[in-house]
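What you are looking at is a predicted structure, and each value in this text was computed from that prediction instead of being measured. The basis for the numbers below is simple: all heavy atoms, side chains too, and nothing from hydrogens, waters or symmetry mates. Note that the numbering runs from 1 along the sequence shown for the chain.
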Amino acid sequence: MFTLGVIEESLENAEVLSALKPFFYSQRVEEVPDDPYPVWHVNEYHVSDEKIDEVAELLARETKLTWYAHAFNDDVLVVILKGKAFRVAPHRDETWEEMLTYAEGVKVEKRYIESIPLGV
């Protein structure tokens, strides 16, 4: 089972989240005063191992430039960027290199992507 975190404001079309309703676990609202989106709706989903790749591909199509989403279990971190999802080790190692290079190309700031928390 993967825990998936998605900020609604990170998506081009939040309607895509209707496909994730069966996996919905919780939502919290976070105030981010210095951000162009000062209120974030952070959704947590619990997605089966069998469905995570399908869900990641769906979200990759709708994720905005400069944003990312992530899912994790004990063994794998799935990083979802605009147009592509990556399976990497949960803690930074050499498996992250291709993902970090791609993230730079879709304008995700290094300070956000270099250390992804294993939490939502």
Side-chain angles (χ1 to χ4, degrees):
M1 182 71 63
F2 281 84
T3 300
L4 167 67
V6 179
I7 299 169
E8 289 185 14
E9 290 71 21
S10 73
L11 301 171
E12 296 284 350
N13 181 358
E15 290 297 317
V16 72
L17 295 176
S18 64
L20 275 62
K21 279 185 182 177
F23 311 114
F24 183 79
Y25 181 75
S26 67
Q27 181 184 72
R28 76 176 189 279
V29 177
E30 195 170 311
E31 292 186 21
V32 189
D34 296 332
D35 194 80
Y37 300 92
V39 176
W40 289 0
H41 298 83
V42 183
N43 296 339
E44 180 176 334
Y45 301 90
H46 293 174
V47 182
S48 68
D49 294 359
E50 297 79 25
K51 291 287 188 179
I52 194 62
D53 291 330
E54 178 183 331
V55 168
E57 287 179 29
L58 178 68
L59 290 172
R61 289 193 293 270
E62 296 297 335
T63 299
K64 294 176 182 175
L65 288 175
T66 76
W67 292 81
Y68 76 91
H70 70 287
F72 58 92
N73 64 20
D74 290 337
D75 303 313
V76 177
L77 173 62
V78 178
V79 181
I80 303 161
L81 300 159
K82 177 69 178 172
K84 192 168 184 176
F86 294 85
R87 283 179 167 257
V88 298
H91 301 284
R92 189 169 175 182
D93 68 6
E94 67 280 349
T95 64
W96 285 47
E97 295 312 311
E98 181 183 358
M99 180 271 295
L100 291 171
T101 299
Y102 186 88
E104 187 177 333
V106 293
K107 304 188 183 337
V108 178
E109 290 183 44
K110 275 188 176 185
R111 65 186 171 129
Y112 296 120
I113 202 75
E114 287 186 323
S115 176
I116 298 172
L118 297 180
V120 174

Hey, does Val120 have a side-chain heavy atom less than 4.5 Å from the side chain of Phe72? yes
Heavy atoms, side chains only, cut-off 4.5 Å: are Lys82 and Glu12 in contact? yes
Heavy-atom count around Glu98 CD within 6.0 Å, excluding the residue itself: above 12? no
Does any N or O in the side chain of Glu9 come within less than 3.5 Å of the main-chain N or O of His41, such that one atom is a donor and the other an acceptor? yes
More than 12 non-hydrogen atoms from neighbouring residues, nucleotides or ligands closer than 6.0 Å to NE2 on His46, yes or no? yes
dist His91:NE2 -> Ser115:OG (nearest 0.5 Å) comes out at 10.0 Å
Could you tell me if the side chain of Val106 sits less than 4.5 Å from the side chain of Tyr68, heavy atoms only? no
Taking the side chain as every heavy atom from C-beta outward, state whether Phe24 and Tyr45 have any pair of such atoms under 4.5 Å apart. yes
Would you check if Ile113 and Val79 make a side-chain contact, meaning some heavy-atom pair closer than 4.5 Å? yes
Out of curiosity, Glu8 CD to Glu15 CD, how far, rounded to the nearest 0.5 Å? 10.0 Å
Taking a hydrophobic cluster as the set of Ile, Leu, Val, Met, Phe, Trp and Tyr residues connected by side-chain heavy atoms closer than 4.5 Å, whether directly or through intermediates, do Leu77 and Met1 fall within one such cluster? no
Grouping I, L, V, M, F, W and Y whenever their side-chain heavy atoms are under 4.5 Å apart, do Leu118 and Val42 come out in a common cluster? yes
Check the hydrophobic clustering (I, L, V, M, F, W, Y; side-chain heavy atoms under 4.5 Å; chains of links allowed) and say if Val32 and Trp67 are grouped together. yes
What do the steps show when you test Tyr102 against Phe86 for ring pair (Phe, Tyr, Trp, His ring centres under 6.0 Å), and what is the final call? CA-CA 10 Å; Tyr102 186 88; Phe86 294 85; 5.4 Å; yes
Does Arg92 form a side chain to side chain contact (heavy atoms under 4.5 Å, CB included) with Leu100? I'd like the steps, not just the answer. CA-CA 10 Å; Arg92 189 169 175 182; Leu100 291 171; 3.3 Å; yes
Between Ala56 and Ala85 the two heavy atoms that sit nearest each other are CB-CB, 3.8 Å
Of all the heavy-atom pairs spanning Thr95 and Val88, show the shortest one and how long it is. O-CG1, 3.3 Å
Measure the CG-CH2 distance between Asp35 and Trp40 for me, rounded to the nearest 0.5 Å. 5.0 Å
What salt bridge (charged side-chain N to carboxylate O under 4.0 Å, His left out) pairs are there with at least one residue in residues 64-80, not counting sequence neighbours? none
Should Met99 and Leu65 be counted in the same cluster of Ile, Leu, Val, Met, Phe, Trp and Tyr side chains packed under 4.5 Å apart? yes
For residues Thr66 and Val108, report the shortest heavy-atom separation together with the two atoms involved. C-CG2, 3.8 Å
Could you measure the distance from the OG1 atom of Thr3 to the CG atom of Asn73? Nearest 0.5 Å is fine. 8.5 Å
Quick check: do Ile116 and Trp96 have side-chain heavy atoms less than 4.5 Å from each other? yes
If you apply the rule side chain to side chain contact (heavy atoms under 4.5 Å, CB included), what do you find for Leu81 with Thr63, and how did you get there? CA-CA 6 Å; Leu81 300 159; Thr63 299; 5.8 Å; no
Least distance between heavy atoms, Val76 atom then Phe2 atom: O-CE2, 3.9 Å
Which atom pair, heavy atoms only, marks the closest approach of Ala89 to Asp93? CB-OD2, 3.3 Å
Would you say Glu97 has more than 12 foreign heavy atoms packed within less than 6.0 Å of its CD? yes
Which of Val55, Leu58, Val6, Leu4 passes side chain to side chain contact (heavy atoms under 4.5 Å, CB included) with Ile80? It is Leu4
Backbone N/O of Pro117 and side chain of His70: donor-acceptor pair under 3.5 Å: yes
Shared ILVMFWY cluster between Leu17 and Ile52, side chains joined below 4.5 angstrom? yes
Suppose the criterion is salt bridge (charged side-chain N to carboxylate O under 4.0 Å, His left out): which pairs have a residue in residues 39-56, not counting sequence neighbours? Lys51-Glu54, Asp53-Arg87
